[in-house]
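Beneath this line is the structure, given in structure tokens, with notes to follow.
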Amino acid sequence: MRDQGLVQVRVAILFSGNGSNLENIIAQEHSIATALRPYYLAPHIILAISNNPNAYGITRCKNLGLECKVIDHRDFVSRALFEQNLAQALESYKIDLVVLAGFMRILGEEFVEKFRVINIHPSFLPLYKGAHAIADSFNGAENFGGVSVHWVNEELDSGAIIMQEKLPKIAGESLQDFESRIHALEHKLYPKAVIEAIIKVFGERVESNEQER
């Protein structure tokens, strides 16, 4: 849909916990929109969804004025039923792009085929997939950690890379300090990767529509 010559891109953010990446993306929404304007794209963060009713990110959403829905996965007898309800919520808001920001649920093949989904992971993929990536990376033999943003497919932390960056290790550094630097890199990288993802998918769509005119 065009509004004043811009194609609207409706974004939802999914999270399970603290919500710091969520808040960081919302804080940079104007910068993201400015970067995308030359591509005739206008992103709008429409909705947040949490699968955890106790997530602090819900409070962040309230403070930021962003609508937040809770869809507790424990209320459903199967992952498939949970994902069906999640999909219905996203479809009802006509969401174009799903951004995972600490969403601690593996999404099934049917879901990721239906939606365009991106995720941030706190390691330099393909190294150290899974939930303990920061500690595994910290204890690994490499002289670097890193952060990766990737498209989500049915295999854990294995979709095509959108953007990633290495983080040099510091001799004698504690795991806590390493983790803090990883999170700072996430906050730097994720908004840039959101821009790249939107250009890749929706920029090509705009270009195709223009060529057909």
Side-chain angles (χ1 to χ4, degrees), residues 9-36 39 41 43-51 57 60 90 95-107 109 111-138 140 142 144-169 178-205:
V9 180
R10 297 170 66 85
V11 178
I13 302 176
L14 274 55
F15 67 96
S16 299
N18 184 51
S20 64
N21 271 310
L22 172 147
E23 182 167 342
N24 179 60
I25 291 171
I26 293 170
Q28 298 195 49
E29 185 175 10
H30 178 73
S31 297
I32 293 170
T34 299
L36 289 168
Y39 297 88
L41 296 167
H44 297 284
I45 300 171
I46 303 297
L47 175 71
I49 299 177
S50 178
N51 67 304
R60 292 184 191 268
L90 295 169
I95 296 301
D96 299 304
L97 179 70
V98 178
V99 175
L100 305 185
F103 186 68
M104 305 305 291
R105 303 294 300 173
I106 296 173
L107 295 168
E109 183 176 0
F111 184 93
V112 298
E113 286 182 352
K114 182 176 293 186
F115 298 97
R116 296 191 180 276
V117 186
I118 66 174
N119 181 52
I120 191 162
H121 184 74
S123 78
F124 196 83
L125 291 172
L127 298 171
Y128 307 114
K129 301 176 182 180
H132 305 292
I134 295 179
D136 291 343
S137 180
F138 177 79
E142 300 80 15
F144 61 87
V147 171
S148 305
V149 181
H150 63 94
W151 293 103
V152 175
N153 60 19
E154 68 277 7
E155 187 178 345
L156 179 67
D157 299 328
S158 297
I161 299 294
I162 299 166
M163 187 176 290
Q164 61 184 168
E165 187 172 324
K166 290 180 178 178
L167 183 76
K169 290 181 179 177
F178 177 74
E179 183 171 358
S180 294
R181 290 199 299 128
I182 287 287
H183 290 321
L185 181 56
E186 286 181 332
H187 291 170
K188 170 191 166 187
L189 199 67
Y190 213 179
K192 294 179 181 179
V194 169
I195 292 168
E196 288 299 313
I198 291 175
I199 291 171
K200 175 64 176 174
V201 176
F202 302 98
E204 290 180 356
R205 185 183 300 176

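Bear in mind the structure is a predicted one, so any value in this text is a computation, not a measurement.
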Might you work through the side-chain contact (heavy atoms from CB on, under 4.5 Å) test for F111 and V117, ending with a clear yes or no?
CA-CA 9 Å; F111 184 93; V117 186; 4.1 Å; yes
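No more than 12 heavy atoms of other residues, nucleotides or ligands sit less than 6.0 Å from atom CD1 of I106.
Rounded to the nearest 0.5 Å, atoms CG (L189) and CD (E196) are 10.0 Å apart. To the nearest 0.5 Å, atoms CG (L41) and CD1 (I195) are separated by 11.0 Å. Rounding to the nearest 0.5 angstrom, the gap separating the CZ atom in F15 from the CE atom in M104 is 14.0 Å. Taking OG of S158 as the start and CG of N119 as the end, the distance is 11.0 Å to the nearest 0.5 Å. Separation of atoms CG (D96) and CZ (F115) is listed at 10.5 Å; rounding is to 0.5 Å. Once rounded to the nearest 0.5 Å, the distance linking CD1 of I95 with CG of L47 reads 5.5 Å.
Closest non-hydrogen pair, S148 versus S123, comes out as OG-O, 2.7 Å. Taking all atoms of both residues into account, the shortest heavy-atom contact from I32 to P43 is CG2-CG, 4.0 Å. In this structure, G140 and Y128 approach most closely via the heavy-atom pair CA-OH, 3.2 Å. Between A197 and I162, the shortest heavy-atom contact is CB-CD1, 4.0 Å.
Looking only at side-chain heavy atoms (C-beta outward), H187 and N21 come within less than 4.5 Å of each other. Looking at L167 and V147, their side chains never come closer than 4.5 Å, going by heavy atoms from C-beta outward. Proximity of E186 to N24: side-chain heavy atoms (C-beta onward) are nowhere separated by under 4.5 Å. A heavy-atom distance below 4.5 Å is found between the side chains of N18 and R60. Contact of the L90 side chain with the I49 side chain is registered, since non-hydrogen atoms from C-beta on lie closer than 4.5 Å. V152 places none of its side-chain heavy atoms less than 4.5 Å from the side chain of V98. Side-chain contact between I199 and L36 is present, with at least one heavy-atom pair separated by less than 4.5 Å. Taking the side chain as every heavy atom from C-beta outward, F178 and S137 approach each other to under 4.5 Å.
Exactly one of L97, V194, V99, I13 qualifies for a side chain to side chain contact (heavy atoms under 4.5 Å, CB included) with I45. That residue is I13.
Under the salt bridge (charged side-chain N to carboxylate O under 4.0 Å, His left out) criterion, E179 pairs with no residue at all, not counting sequence neighbours.
Between H121 and H150, the ring planes lie perpendicular to each other; the angle is over 60°, past the 30° to 60° tilted range.
Between E142 and K166 there is no salt bridge, since none of the side-chain N atoms of the basic residue sits less than 4.0 Å from a carboxylate O of the acidic one.
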